[in-house]
Amino acid sequence: MFKELIEKNRYSFHESFATWQDAVRAACQPLLADKTIEAEYIDAIIEKVTELGPYIVIAPNICIPHAQEGVGVNDTAVCFMKTEESVHFSDNSEHDAKLFFVLASVDNAVHLENLCELSECLSDEEFVNKLLAVHSGEELKNLTCSMS
């Protein structure tokens with residue numbers, strides 16, 4: 001999955017964002033650019049977080065923006081964004097994130113495979129720390145998850 005992120009240019013790096021909504025929009029841009037998703041998918045993610053709270057922040061520094069399957073999604077894919085400064089999803093610092101993995105899905109089986117691989121890698125604290133230290137696609141390409 002990480003190899004595909006690099007090959008398909010599905011990653012970005014940013015300094016900071018004024019709002020979590022701006023961060024989510026930016027995180028989705030690689031998938032929007034290659035037509036994997038439509039703008040309505042980004043709106044659906046933002047709407048769900050507004051409605052349900054920061055459920056997409058799954059661990060300190062880790063956020064997995066996603067919305068309902070099929071709404072504005074043309075293909076199953078994952079993309080990655082890293083910010084230097086934490087993005088605040090609430091007043092609680094436990095809801096801050098620097099690593100964003102946007103999930104889009106039309107194929108539930110592939111989606112679950114991606115989610116399993118991602119979950120395994122993100123459960124490796126050493127790997128997460130390495131992700132937090134990358135600043136470029138080249139550095140990202142040189143990372144490997146020992147779990148995959």
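Model, not experiment: these values are computed from the prediction.
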Say whether, by atom type as modelled, one donor and one acceptor occur between the side chain of [X] and the main chain of [Y] under 3.5 angstrom.
| X | Y | result |
| --- | --- | --- |
| Asp22 | Phe17 | no |
| Thr83 | His14 | no |
| Asp124 | Glu120 | no |
| Lys82 | Lys98 | no |
| Tyr11 | Ile6 | no |

Would one find more than 12 heavy atoms of other residues, nucleotides or ligands at under 6.0 Å from atom [atom1] of [X]?
| X | atom1 | answer |
| --- | --- | --- |
| Glu15 | CD | yes |
| Glu47 | CD | no |
| Glu51 | CD | yes |

If you take all heavy atoms of [X] and [Y], which pair is closest and at what distance?
| X | Y | value |
| --- | --- | --- |
| Ala26 | Ser12 | O-OG, 4.2 Å |
| Glu139 | Ala133 | OE1-O, 3.6 Å |
| Ile46 | Trp20 | O-CH2, 3.6 Å |
| Phe89 | Ile56 | CE2-CD1, 3.8 Å |
| Pro54 | Val49 | CA-CG1, 4.2 Å |
| Pro30 | Asn9 | CB-O, 3.7 Å |

**Asked** How would you list, by chain and number, every residue that makes a ring pair (Phe, Tyr, Trp, His ring centres under 6.0 Å) with His88, sequence neighbours excluded?
**Response** none

**Prompt:** Please walk me through it: do Glu38 and Asn74 pass side-chain contact (heavy atoms from CB on, under 4.5 Å)?
**Reply:** CA-CA 8 Å; Glu38 305 294 331; Asn74 301 318; 2.6 Å; yes

Rounded to the nearest 0.5 Å, what's the gap from [atom1] on [X] to [atom2] on [Y]? Could you check?
| X | Y | atom1 | atom2 | result |
| --- | --- | --- | --- | --- |
| Cys63 | Ile58 | SG | CD1 | 8.5 Å |
| Phe101 | Ser119 | CZ | OG | 10.5 Å |
| His135 | Leu132 | NE2 | CG | 9.5 Å |
| Asp75 | Lys8 | CG | NZ | 7.0 Å |

Any [X] side-chain heavy atom under 4.5 Å of [Y] side chain:
| X | Y | answer |
| --- | --- | --- |
| Ile45 | Cys28 | yes |
| Leu131 | Leu140 | yes |
| Ser86 | Asn61 | yes |
| Gln29 | Ile42 | yes |
| Val57 | Asp96 | no |

**Prompt:** Would a hydrophobic clustering, with Ile, Leu, Val, Met, Phe, Trp and Tyr connected at side-chain separations under 4.5 Å, put Leu118 with Leu112?
**Reply:** no

**Request:** Start with the C-alpha gap between Val87 and Phe100, add the side-chain angles, then the distance that decides, and say whether side-chain contact (heavy atoms from CB on, under 4.5 Å) holds.
**Result:** CA-CA 10 Å; Val87 173; Phe100 289 68; 3.8 Å; yes

**Message:** Classify the ring geometry of Phe13 against Phe80: parallel below 30°, tilted from 30° to 60°, perpendicular beyond 60°.
**Reply:** perpendicular

**Asked** Side chains of Asp34 and Thr36: is there a donor and an acceptor less than 3.5 Å apart?
**Response** yes

